[in-house]
Each structure stands twice: as C-alpha cells, then as structure tokens.
Amino acid sequence: MKAWRRRGFLCLVLCIIAAVLFARLLLKLLPCPALTAFCERENSTRFYDRNGVLLQVRPLADGLRREYYPLEALPQELVQDFIAAEDKNFFRHFGVDIPSIIRAALQNRKEGRVVSGASTITMQLARLIYPRKGRVTLGTKCREVLRALRLEAKLSKRQILELYLNNIPFGFQIEGVGSASRSFFSRPPDRLSVEEMQLLSRIPRRPSQYAPEKSFSYPSLCPHAVQYVVADYAARGERLPAELHLSIDSGLNDVTEKQIQRKLEEFKKARIHNGAACALNNRTGEIIVWVGNASFDDAEHSGQIDGVVVQNQPGSSMKPFLYALALERGFAPASVLPDIQQDFGGEGVYVPLNFNKRYNGPVRMRMALASSLNIPAVYLLYRVGMEDYLSLLDSLGFASLKPQRENLGLSLALGSGEVTLLEMVRAFSVFPNDGMLLEPSLLVRRQDAKDSRQRVYQADTARILCDMLSDKAARAMGFGHAAVFDTAYPCIFKTGTSNQFQNIIAFGATSEFTVGVWMGNFGGDTVVGETGSSIPAQIVRGLLDELTETAGASPFAKPEHFEKQEICALSGMAPAADCPAVSYEYVKKSSAKADTETAVSLAPCSWHYTDGSGVKIRYPSEYQHWAHSRNFSGTISVGGTPLCITFPQNRATFIYDPTLPRRVQVVGVKAVGGEEKSAVLYLDGEMVGEARGVFSWNIPLSKGMHQLTVVCGSEDASASFSVK
C-alpha cells in the first residue's frame with residue numbers, strides 16, 4: 001500500500017513537472033505581439049563625430065529621452081545596484097519571487113497598509129509592456145504574475161535585465177539608465193562614480209524625492225549634418241540605430257562655422273546673410289565638414305535651412321566640367337578659343353558677355369578656363385552639344401538638373417542651372433581623383449566598405465584640368481595675382497557668381513580634400529556692391545590650410561600620354577622665328593608601337609610674320625570684327641576660312657518695338673571668311689551694299705520673314721530671320 005502511494009505521489013510530481021514544462025514551452029512558442037512591439041519601440045539616437053565627440057542625443061517625437069545601451073556596455077556595478085535595490089533574487093526565481101510575496105503579504109497585514117509590493121524586475125518589465133489601467137486588484141496582480149512567467153519563458157535573464165534597464169522610467173521625460181545618467185549627472189553610465197550609481201538605482205522608486213536637479217544641457221553640434229542623416233534614414237524607410245558615428249570632424253566644423261560668421265558680419269551691408277561649407281575626403285568619400293548655415297538658431301535669416309543641400313546657381317564654378325568634356329571630344333590643351341562677340345542658337349538667340357564686358361580675341365584653353373572667361377565656355381558647349389554635356393552632368397551626380405532639363409540652354413555653360421553645394425563638391429573632387437567619382441558619406445566608412453567609385457573622365461583629362469586650375473599665371477588675366485590662391489601646397493581653385501549675384505561660391509581641392517563654400521542669402525536678394533567670390537574663397541583657403549597642416553598634400557599626378565612642349569603663346573602652334581612670346585602646354589603623344597610614345601609635332605605658327613616695321617599678326621578671318629574694333633596693327637587671313645554669316649544666326653527672331661524710333665531698330669549683319677577682301681549683302685534679293693575688309697552692315701527692322709545673302713567672290717552664304 002505504501003509502495004502504491006509512493007508511486008502515485010511520484011506520478012503526480014512528474015505530471016506537475018511535465019505540465020509546468022509544457023506550459024513553459026507553450027508560453028515560449030506562442031507569439032507575444034505586445035513584447036514584439038515593445039522591443040521595436042523607437043529609441044533616442046546618439047550621434048558622435050569621427051573622434052567620438054558626442055554631437056547630439058536626439059529626443060523622440062514627444063520630447064522623451066530614451067537611449068539604449070547593450071547590457072555589456074553598462075557598468076557591472078550599476079547593474080548590481082539595480083538588482084540589489086529592486087530584486088536581489090532576480091537570478092534565482094522564474095519571474096515570481098514566492099518567498100518575497102509571502103513576506104510582503106505578512107508585512108503589509110501587520111502594518112495595515114501596503115509597505116512592500118514584492119514585484120520582481122520581470123514583473124516590473126511586464127508592467128512596462130502592459131501598462132496598468134485603473135485600480136490595482138487581485139486580478140491585476142494575477143495577470144502581472146502570468147505575464148512575468150511568460151516573459152521568463154520567452155527571454156533569457158540577460159535579455160530581461162537589458163530591456164528593464166533601458167526602459168525603466170525616471171520621471172522628467174527620461175527613460176532608461178543611459179538617459180538618466182546623462183540628464184542627472186552630465187555623463188554616460190560608464191563614467192558614473194560609485195555614489196552616483198547607487199543614487200541612480202533609487203530614483204525610479206520615487207523620482208520627485210530622490211532625483212537630483214537635472215544638470216545637463218544636451219549638446220547640439222553639427223545640427224544640419226544630423227538633420228540630413230535623420231531625413232536620409234526616413235527617406236529609406238529605415239529606423240535610426242542606437243548610435244551613429246558621423247564622418248564629421250566637429251572641431252573643424254566649428255572653426256569653419258565661425259569663419260563664415262565673421263565674413264557675414266564683415267559683409268552684412270552687402271546683404272550676405274547665409275553661408276554653407278562642405279569638405280570631402282578624396283580618398284574615402286567621407287564628409288569631414290558640413291556647415292549648413294552660419295547659425296542654426298538664427299530665425300531671422302532662416303538658420304535652419306541647410307545651404308549644403310539647397311539648390312543655387314553655381315555660376316562659373318561649373319566650367320571645369322565642360323572644359324574636361326571638350327578635351328575628351330577632340331579639343332587639345334593648346335587649342336585657341338574665340339573670345340569675341342558672338343551669338344549662338346537659332347530661334348532662341350543667346351549673346352553671352354564676359355564679366356568685365358571686354359573681349360580678348362584668341363585665347364588659349366588654359367587661359368580661358370583659369371581666368372573664367374564666359375564666351376569661350378559658351379562656344380565650347382555650342383561645339384560639344386547640350387545633350388552630351390547634360391549626359392556628362394548626369395554621370396557627375398547632378399540629380400538636381402534633371403527636372404530643369406527642358407528649360408536649360410547654352411547659359412548652362414556659365415552655371416545657370418541650379419544645383420546643390422554637396423553635388424558640386426562631389427563633382428569637383430573628380431579632378432584630384434584622376435577622373436573617378438566618389439560616393440559621399442556622412443557616416444564613418446568601414447574598413448571593408450566596397451569601393452563605389454565610378455569613372456567619369458580619363459585620368460589624363462583630370463590631371464590636365466588640375467594643372468590648368470592650379471596655374472597661377474593663367475589665372476592672372478581674370479583675377480590678377482590674388483593672394484588667396486597663392487598656397488604653399490599644390491591646390492586647384494574655381495570660383496563662381498550667379499547671374500543675379502545672389503550667390504557667390506568657391507571650390508578648392510588638394511590631393512587629399514575637396515572643399516566648397518557658398519555665401520549669399522535665402523531671401524533671393526542680390527548681393528550689394530560685392531560680386532567677388534574671393535569672399536568664400538578665403539574660407540575655402542583657410543579650411544584647406546587647416547586640413548593640409550595635419551594630412552599634407554601631394555603634388556597632382558602628371559598625365560601619362562601628354563608631355564609639355566613649347567608653343568606660341570598666342571596661336572598655340574609650334575613657335576616660329578617671328579613669335580614674340582612662347583609658353584608651355586601639354587601635347588598628346590602618339591605611338592607607332594604600343595611601347596613607344598613620342599610627342600606629336602605641332603605645325604609651325606602661321607599667325608606671326610615680319611615686315612619692314614617689325615613683327616605683325618595675321619589673325620584668322622573669324623577675328624576680323626574683333627581686330628577691327630581694336631585698331632590693331634596686322635592683317636586678317638583671307639581665303640583660309642569658308643564664308644559664313646556670324647550674325648544673325650539662321651532662323652533668329654527679333655521683336656519690333658513700335659514705341660522706339662525706327663532709325664534705332666536695326667540689325668547688325670556680320671560675316672567672316674571668303675576668298676576676297678570685299679563682299680556684297682543682299683536682303684530679300686535686293687542689294688544692300690558692299691563692305692571691304694570687315695564685312696558688316698546695318699539694316700532696318702521690318703516685320704515678316706527675311707532672307708540674307710552675302711556674296712564674296714565665288715562664294716555665298718545665307719541666313720533667314722523673322723521680325724515680329
């Protein structure tokens with residue numbers, strides 16, 4: 001009988017154990033949506049710079065601060081303090097501490113009031129996941145016990161402890177030990193003293209009684225960069241992690257911001273109220289500096305607008321991309337470009353001017369680019385074609401231009417399209433990077449990150465552009481010998497000004513870094529009395545000085561398939577005996593064999609000749625109108641260029657204004673080339689007149705369609721135009 005009872009008791013115990021194990025397995029396997037949702041709650045993100053400096057701890061939408069730290073990142077002493085304060089048997093129970101419940105019940109009965117709740121850490125976590133509603137009853141307590149058991153079945157002790165410590169409320173819009181440590185003691189948990197850890201563990205019991213006064217003002221460094229990263233994560237539909245390490249150097253960022261502020265104060269009467277800067281590491285693509293505005297808190301001047309990503313006209317700073325394309329479309333570094341009065345286009349006639357409203361005649365490509373002449377740039381775009389140039393700009397990452405394509409004309413050569421400073425800095429870095437385009441990043445690159453560079457230009461093209469943009473002598477025609485560009489280290493520069501002078505911009509690059517600075521105002525007002533982009537150029541120079549002092553700057557690489565030769569400084573041809581000045585320029589090598597390259601021999605200069613009075617210049621016929629206006633000493637080449645009408649362009653349209661006197665409404669017809677020194681103009685089949693030497697005529701405007709014909713010897717050229 002006793003044996004039977006023992007077997008029965010053993011069976012009962014086994015059944016109970018099996019039932020408990022089955023219940024625990026069931027609790028573990030059954031889904032728990034509330035726990036899943038709780039674990040997926042958004043947390044505050046800590047943003048650090050590349051050197052570990054805390055930039056910001058981003059609050060949640062309702063202002064709550066809740067940072068998340070893995071359990072192993074929290075001091076062991078702090079963890080033990082919370083266990084001792086809240087649940088000393090945490091590692092010895094299965095979610096419910098039965099002895100503590102019995103002891104609390106006896107104690108509460110003896111005192112006649114609730115003096116102890118006997119809630120374990122697991123039960124407290126259950127209350128965070130399932131917040132109490134209404135009055136606490138026996139049923140409420142029973143449900144909390146069941147939920148605690150369920151949590152113990154689904155999570156390990158370490159997981160429970162980590163969730164609890166990162167979500168426990170401390171009052172004052174603070175949750176979790178990380179945010180509490182920073183709010184009350186001005187430092188992260190791993191830097192707390194023993195006394196501070198003990199005090200922190202007591203605060204959740206009664207925050208109003210135990211919490212010290214909040215002493216920490218959360219930092220707000222690099223706000224525009226942080227704002228951009230947050231928006232980028234949101235656009236990708238991704239949640240921000242607990243912490244992010246930005247590639248920004250906050251110290252350098254602060255120095256740059258202060259430089260912009262000083263310049264804005266210096267030129268505030270010129271209506272320059274905003275400024276932005278961006279610096280890129282040419283090796284890694286990491287963004288080192290991101291200043292979106294002079295002051296994030298300057299509400300009067302829209303300080304929260306991020307000038308790094310606002311679209312503005314970059315002006316002449318875009319010209320290097322066009323010149324590089326021209327080199328790859330058949331132009332040579334020694335090519336001579338016509339800086340003369342010209343009009344381009346058909347029905348939409350475009351007549352560009354240089355910034356100083358002067359014409360320099362024949363200008364070598366190097367001089368035209370370094371001195372930022374407008375007419376040669378438009379001439380190049382007219383020759384290479386808009387579609388090719390737009391395709392290149394797409395390859396350079398100018399996504400901002402895509403919606404503007406239908407409205408862009410030849411003025412795009414002068415930077416009339418609106419792009420962002422970030423796009424410009426990235427594109428400009430293609431030159432010191434041997435024609436390779438980087439993918440910029442505001443996050444620190446991992447060592448094993450994939451190289452995402454793409455080739456846009458041939459390496460030699462980029463190297464020649466670096467040589468041109470770093471040529472101080474070539475820059476002197478347009479800018480003189482400005483000290484701001486005179487660096488002790490190899491460096492390229494390009495500046496720009498928008499059409500209405502709302503924006504002044506400058507870029508500079510060494511082998512290691514590319515820097516861009518924009519200044520102007522977001523209100524759209526023109527800059528008063530200051531059109532010089534030397535103002536942002538000074539900030540670019542200062543930033544490059546700082547960067548080069550620590551990182552150095554290597555000389556730019558020389559092109560492999562070109563070598564410098566002596567050329568005539570005017571014609572770009574091989575210097576002849578009569579050439580008064582020579583220069584050096586890159587000339588492409590040719591090779592009969594793959595392993596042997598020699599420089600191409602240039603044709604001797606045919607522009608200079610000597611007569612009894614000294615050296616004279618024989619300009620090509622396309623320069624006859626420019627040369628005539630200068631009262632030059634020389635001749636114009638005859639017979640070398642086909643006859644053509646340079647103005648008006650074929651199918652041009654003019655508007656007749658009845659409010660103006662008829663005598664002032666004329667069209668100046670110009671032609672060049674031809675075999676003879678005289679030419680005759682016909683308008684709608686009737687002779688207008690003969691011109692000798694310089695082929696130009698003035699004809700009155702009259703409404704309707706008209707046909708022009710110029711006859712020079714056996715040659716003729718025609719163009720039509722309309723007057724509305």
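All residue numbers refer to positions in the sequence shown, counting from 1. Quick caveat, the model's predicted, so the values are computed rather than measured.
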Q. Mind checking whether W518 and F522 have parallel, tilted or perpendicular rings, split at 30° and 60°?
A. parallel

Q | Results of ring-ring contact (aromatic ring centres under 6.0 Å, His included) for Y48 - residues two or more places apart only | A | H245

Q | Under the salt bridge (charged side-chain N to carboxylate O under 4.0 Å, His left out) test, residues paired with E196 that sit two or more places apart | A | R187

Q: Please answer whether the main-chain N or O of V57 pairs with a side-chain N or O of R65 as donor and acceptor at a distance below 3.5 Å.
A: yes

Q) Within the side chain of S179, is there an N or O that forms a donor-acceptor pair under 3.5 Å with the backbone of E67? A) yes

Q: Just do the side-chain contact (heavy atoms from CB on, under 4.5 Å) check on V515 and V289 with the steps written out, would you?
A: CA-CA 9 Å; V515 175; V289 169; over 6 Å; no

**Q.** Donor-acceptor contact below 3.5 Å, side chain N51 vs main chain V53
**A.** no

**Q.** Among N503, I505, V419, the one residue meeting side chain to side chain contact (heavy atoms under 4.5 Å, CB included) with S317
**A.** I505

Q: With sequence neighbours excluded, tell me which residues meet ring-ring contact (aromatic ring centres under 6.0 Å, His included) with F428.
A: F431, F507

**Q.** Positive for side chain to side chain contact (heavy atoms under 4.5 Å, CB included) with L442, one of D232, I248, V226, L244
**A.** I248

Q: Apply the test salt bridge (Lys or Arg N to Asp or Glu O under 4.0 Å) to residues D434 and R453: give CA-CA distance (whole Å), side-chain angles for both, the deciding distance (0.1 Å), then the verdict.
A: CA-CA 11 Å; D434 267 0; R453 293 183 295 175; over 6 Å; no

Q. Quick check: does any side chain N or O of S181 sit under 3.5 Å from a backbone N or O of V177, one acting as donor and the other as acceptor?
A. no

Q: Please check if any side-chain donor atom of R445 sits under 3.5 Å from a side-chain acceptor atom of N281, or the reverse.
A: no

Q.
Strictly distance-based, threshold 3.5 Å: is any side-chain N or O of T45 a donor or acceptor partner for the main-chain N or O of A242?
A. no

Q: Hey, could you give me the CD/OG1 distance between E512 and T548, rounded to the nearest 0.5 Å?
A: 8.5 Å

Q. Does W290 offer a backbone N or O that forms a donor-acceptor pair with the side chain of N253 under 3.5 Å?
A. yes

(Q) Enumerate the salt bridge (charged side-chain N to carboxylate O under 4.0 Å, His left out) contacts for residues 165-174, please, sequence neighbours excluded, ordered by first and then second residue. (A) none

Q | Main-chain N/O of S400 paired to E423 side chain as donor or acceptor, under 3.5 Å | A | yes

Q) What residues form a side chain to side chain donor-acceptor pair (under 3.5 Å) with D249, not counting sequence neighbours? A) none

**Q.** Candidate pair Q404 and Q311, rule side-chain contact (heavy atoms from CB on, under 4.5 Å), full reasoning
**A.** CA-CA 12 Å; Q404 306 172 48; Q311 295 178 20; 3.6 Å; yes

Q) Any sub-3.5 Å donor-acceptor pair from Q173's side-chain atoms to D62's backbone N or O? A) yes

Q. Does any donor atom in the side chain of S201 or D81 lie under 3.5 Å from an acceptor atom in the other side chain?
A. no

Q: Kindly write out the residues that satisfy side chain to side chain contact (heavy atoms under 4.5 Å, CB included) with R92, not counting sequence neighbours, or none if the list is empty.
A: N89

Q) Distance only, no hydrogens: is a donor on one side chain within 3.5 Å (strictly under) of an acceptor on the other, for Y218 and S183? A) yes

Q | Polar contact flag, side-chain donor to acceptor under 3.5 angstrom, S429-N282 | A | no

(Q) Quick check on side chain to side chain contact (heavy atoms under 4.5 Å, CB included): which of I121, D87, L165, L161 does F82 satisfy it with? (A) L165

Q) Roughly how far, to the nearest 0.5 Å, is OG of S220 from CZ of F47? A) 11.0 Å

Q: Give a yes or no answer on whether the side chain of S247 reaches the backbone of I287 with a donor-acceptor pair at less than 3.5 Å.
A: yes

**Q.** Distance under 6.0 Å and angle within 45° of ring axis: R46 vs Y69
**A.** yes

Q | Polar side-chain atom of N293 near backbone of I305 as donor-acceptor pair, under 3.5 Å | A | yes

(Q) For a quick check under 3.5 Å, do Y130 and E144 share a side-chain donor-acceptor pair by atom type? (A) no

Q. Going by heavy atoms in the side chains, are F398 and M424 under 4.5 Å from each other?
A. yes

